[in-house]
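Quick note on labels: first sequence line is chain A, next is B, and so on, each numbered from 1.
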Amino acid sequence: MDEKYFAKKVEAKWQQKWAAARAFEAVIDLSRPKFYQLEMLPYPSGNLHMGHVRNYSVGDAVAWYKRLKGFNVLHPIGWDSFGQPAEDAAIKRGVNPRDWTEENIVAMRGQLERLGISYDWSRQMAAHRPEYYKFDQWFFLKMYELGLAYKKKTQVNWCEHDQATLSNEQASGGLCWRCGNPVTKKDLEQWFFKTTAFADRLLDDMAEIEAGWPASVIKRQRDWIGRSEGAFVDFKITTGESIRVFTTRIDTIFGVNAVVVAAEHPLIREHDAEFSQEVRDAIEAIRLEKLVPADRETEAEKNGVDTTLKAINPFSGEELPVWVGNYVMMEYGTGAVMSVPGHDERDFEFARKFGLPVPRVIESQRRGESEPENAGDEISSAFTEYGVLVNSGEWSGKESNEAKRQMTAFAAANEFGEAATTYRLRDWGVSRQRFWGSPIPMIYCDSCGVVPEKYENLPVELPANAPLTGTGESPLAKVPEFYETRCPNCDEPARRETDTMDTFVDSSWYFFRYTDPHNQTMPFDPEIAAYWTPVDQYIGGDDHAVMHLIYTRFWTKIMMQLGLVDFDEPVKRLLTQGMVVGETFFDESSGKKIYFQPAEVKVERDAKGKIISARSTTGAELKHAIERMSKSKGNGVDPDEMIDIYGADAARLFVLFAAPVENELVWHEAGIEGAARFLQRVWRFVWKWKAVLSEQTLGSPGSNSRATANARKLRTKTHQTIKRVDDNLDSLQFNTPVAALMELSNAIYDIKVEPADASADEIFAVREAVTALVLMLVPFAPHTAEELFANIVGNENGILANNGRFPEFLEEYATADEIEIPVQINGKLRSRVFAAPDADRQTLETLALGDAKVREHTDGKAVVKVVVVPGRLVNIVVRG
RNA sequence: GCUGGGGUGGCGGAAUUGGUAGACGCCCGGGACUUAAAAUCCCGUGUUCUUAGGAGCGUGCGGGUUCGAUUCCCGCCCUCAGCACCA
């Protein structure tokens, strides 16, 4: 141990020792409880960014904490290595995607190792390697057999920028998840996974995980699945057939003024010949609207056209016009709605625009609010609440809920409708017209049709090369050696599917593979997986709240159906960490933001450190803001550089300390300096007390002597800290336990005794405090903690080999001899008295009333009441 | 627009869930050590007034409950995020 702390040296040393000892390789051990700690696997872009550092630092803190608590921990990592960036790099730079990916993996693994994250590298997986994607294909075949994989031609989400299709989840918000550009629609034939078959389970099983997942993620998934209970109702049209609509408000059906259908509705195509050219053109215009990326700022104006077809309201017998409306979506419900302008805002807007009648059929039950407007009064808005039916034939006077039930039953009995549940969730479109993905193992045969590849022929390997153009056609379709094959059924020449699978397929089950990463015949051995899974703690960004996390839940339900697992939720506890952001400086006088690198900015601060002004070196006045990190904005931070300057432990400690995990983390270099300073401080007192620390063995029974006040105080602080840190880590808080450790470190400094002059009690107290502090430091700064620990125990075998455990909390030492009791007068703090922690009411009251400062405030006044909260405070209520 | 989260010093944030608001850290100021600087250590640091002992104000705003409210209730304002014609 050097007198001064050299982070680089210590970190390199322990990284080497860990690797040599295979310290983090997980082995099944039935004698201990298991703990599966998982972080979302990275895409191998080639560079770790601070978001990764945060994610893995948090995960490692949990992994170490659990190890110290006696758990058998599995902490693996791998690579989400299929996907578009490799292909883009190939197109731009002419490299081979496979080489590019492998090189990036090597580079990033090096970075992770320099960070000292305690991964079991023997279990590393990479999605692009045939031994892994073989089982993507295996699952695909299983899904096909179960009828859960199917092909259909449909309008898919299309990103013009990426030249690729997107699932609904990936196109959420109308923007491409990868590049952020607006999404359009395109007609394509695609493979789908039937996620909708599990809509109810995905929704209902959330009850199992609700307690361990962030409420926001649960909510977003609920909204995304969007279960909606209502009814189908058939409106006969005068030409004979009928239009089926979905409604959640069948109670408003007497208020229908029209049936409105989507432009793509089959009925429109069928009756095309009957429409005037004018109507036909208008419908076509509405259909084309959707192919243009939507402007997210402004809601599209209602638009529509009367088809001149007529429909009959099955309840009232009224004849209604059939319109095409731009606000009706073919993909939801039946692609047709009954328009009730009196009680639906969209229908109201539509009716107003086209001058359609607005009947009222529901009145509010609340008194005074619903006096029906006088005939002729203009209705100013839709009344969307439940109420009492009016002008609704035999149902008039009934309450909405009651009416819904009866009217649905009536429709069913008369065979023009039925109760129905619809979902917003759609099936998962998994075909990608891309090279760098897992090939879909299906074959097209002229005589046999669609034939699945045989299991024994898996993996269907990607060719070494393919012409990559990024134009939206599958590159594999240009590689005859790939697609030319024979039919597994009849052995005649046949053609392979040339689309590849969505990369989200890989990440849907990768963490099961970690449990049995070298299995050649199965994705994993169910028995081995049964020991490690489900995941106990999963950590990642909340940008995957809907996409990855809904797919992996879906996948688990399928695995359950296949008998691979015996649970239906893969992740017990989920933690979503906030983004890492940094300060940017920019000039927007030209109307566009021009960012400046930190070196080009001069900042002037006031006495308190607040920025008064910022100028560029060229003299321009700059604005500043906190924004997502990126090189081009000048606020990016290179993890390697930080490790180089301050050390991995300081970087990790800062990232954990600077903000609660779920919050945004504002990167300030001064902060990491503070973290490094703290580690130096700890190092210094271990050095100072080294001689007396190492002459004792770890874990010797505590001396009960608490003779000197110094020693007593420190022991109290030590045990209070142990409790705090344990509780905090257990509830996934990382900033507060670091603060607690800093306090303990300050308390060790406060003892102000030189080792040579210290009493036996003081030495004991310091040893206890230092040992506890070092062990509790492990989750935050493992290298430093290992080195310090080695100096305490006198060997370099490492904490795990020494069976190091989280320090034991001893309640008897956690209570101070004397505590400070605030004394309030009329709720205002006026004085403090000292008393034993268990002093009773009477003692405290007497003590408080006798206090000199209290007397000044109570003299000449009547004490009305004395509130005593033992161990907390005294409040004296006076009058006069 | 709907839904959810959140407003605490110059900054990031604490506060045992109704009991000393501002822990811990950053920034900033002062001092010690040093030829000097860095590093380190010590002190100060919500705000206003002050006879230097304190006193007033203070957790987005306005009310309420309570001996006591950052915490509970009612009504506003602001902000971030998600969804956005889901019938």
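Within the shown strands, nothing qualifies as a pairing partner of rC85(B) under the Watson-Crick or G-U definition with both distances less than 3.5 Å.
Which of rU20(B), rC26(B), rG82(B) sits closest to the side chain of L829(A) comes down to rU20(B). Closest approach to the Q824(A) side chain among rC85(B), rA14(B), rG19(B) is made by rG19(B) (side chain taken as heavy atoms from C-beta onward). Nearest to the side chain of A659(A), among rC83(B), rG12(B), rA87(B), sits rG12(B). When the nucleotides rC67(B), rC24(B), rA84(B) are ranked by their closest atom to the side chain of V867(A), rC67(B) comes out on top. Across rG12(B), rC67(B), rG54(B), the shortest atom-to-atom separation from the side chain of N875(A) is found for rC67(B). For K828(A), whose side chain is taken as the heavy atoms from C-beta onward, the closest listed nucleotide among rA21(B), rC26(B), rG56(B) is rG56(B). Here the side chain of V328(A) is nearest to one of rC85(B), rA87(B), rC83(B), namely rA87(B). For Y749(A), the side-chain atoms get nearest to rC41(B) when compared with the rest of rA87(B), rU20(B), rC41(B).
As a whole-Å value, the separation of M742(A) CE from rG25(B) C1' is 6 Å. N735(A) has its CG atom 15 Å from the C1' atom of rC11(B), to the nearest Å. In this structure, CG of N157(A) is placed 11 Å from P of rA84(B), rounded to the nearest angstrom. Nucleotide rC80(B) holds its C1' atom 15 Å from the CZ atom of R628(A), rounded to whole Å. Between N728(A) atom CG and rU16(B) atom C1' there is a gap of 11 Å when expressed in whole angstrom units.
Looking at R222(A), its side chain has no donor and acceptor atom pair within 3.5 Å of the base of rU3(B). Residue-to-nucleotide contacts include a donor-acceptor pair under 3.5 Å from the side chain of E820(A) to the base of rU20(B).
Counted by atom type alone, T422(A) and Y332(A) present one or more donor-acceptor pairs between their side chains at under 3.5 Å. Side chain to side chain, D251(A) and S400(A) meet the donor-acceptor criterion of an N or O pair below 3.5 Å. With hydrogens and angles left out, the side-chain atoms of R424(A) and N168(A) include no donor and acceptor closer than 3.5 Å.
The aromatic rings of W683(A) and Y5(A) lie tilted to each other, with the angle between the two planes from 30° to 60°.
With P as the reference atom, rG44(B) and rA37(B) are 24 Å apart, rounded to whole Å. Using atom P as the reference point in both rC28(B) and rC33(B), the two lie 23 Å apart (nearest Å). For the P atoms, the distance from rC57(B) to rA52(B) is 22 Å, rounded to whole Å. Nucleotides rA23(B) and rU45(B) place their P atoms 10 Å apart, quoted to the nearest Å. Of the P atoms belonging to rG4(B) and rA15(B), the separation is 25 Å, rounded to the nearest Å. Distance check on atom P: rG68(B) versus rU20(B) gives 15 Å, rounded to whole Å. Comparing rG58(B) with rU71(B), their P atoms sit 13 Å apart, to the nearest whole Å. With C1' as the reference atom, rG9(B) and rC27(B) are 12 Å apart, rounded to whole Å.
If you check every strand for non-hydrogen atoms under 4.0 Å, R424(A) touches a base. Within the 4.0 angstrom heavy-atom criterion, base atoms lie near V869(A). No contact: S216(A) has no heavy atom under 4.0 Å from any strand. When heavy atoms are screened at a 4.0 angstrom cut-off, R684(A) is found touching the sugar-phosphate backbone but no base atom. Using a 4.0 Å heavy-atom cutoff across all strands shown, G333(A) reaches no nucleic acid atom at all.
Between F685(A) and Y749(A), a ring centre-to-centre spacing shorter than 6.0 Å is recorded.
A close approach under 4.0 Å does occur between a side-chain nitrogen or oxygen of S228(A) and OP1 or OP2 of rA87(B). Note on R879(A): every side-chain N or O is 4.0 Å or more away from OP1 and OP2 of rC67(B). Taking only side-chain nitrogens and oxygens, S172(A) never comes nearer than 4.0 Å to OP1 or OP2 of rG82(B). The side chain of Y327(A) places no N or O atom within less than 4.0 Å of a non-bridging phosphate oxygen (OP1 or OP2) of rA87(B). Close to rG13(B), at under 4.0 Å from its OP1 or OP2, lies a side-chain N or O of N663(A). In this structure, R830(A) does not reach the rG54(B) phosphate: none of its side-chain N or O atoms is under 4.0 Å from OP1 or OP2. Between K219(A) and rG4(B) there is no side-chain polar atom (N or O) within less than 4.0 angstrom of OP1 or OP2. Side-chain nitrogen and oxygen atoms of H857(A) include none within less than 4.0 Å of the OP1 or OP2 phosphate oxygen of rG53(B). Side-chain nitrogen and oxygen atoms of N746(A) include at least one within less than 4.0 Å of the OP1 or OP2 phosphate oxygen of rG25(B). Put simply, R677(A) has a side-chain N or O that comes within less than 4.0 Å of OP1 or OP2 on rC26(B).
Counting heavy atoms from C-beta outward, V305(A) and I283(A) have side chains that approach closer than 4.5 Å.
Cation-pi contact between K302(A) and F350(A): absent, since separation from the ring centre below 6.0 Å together with deviation from the ring axis within 45° is not met.
Side-chain atoms of D649(A) come within 3.5 Å of backbone N or O of T784(A) as a donor-acceptor pair.
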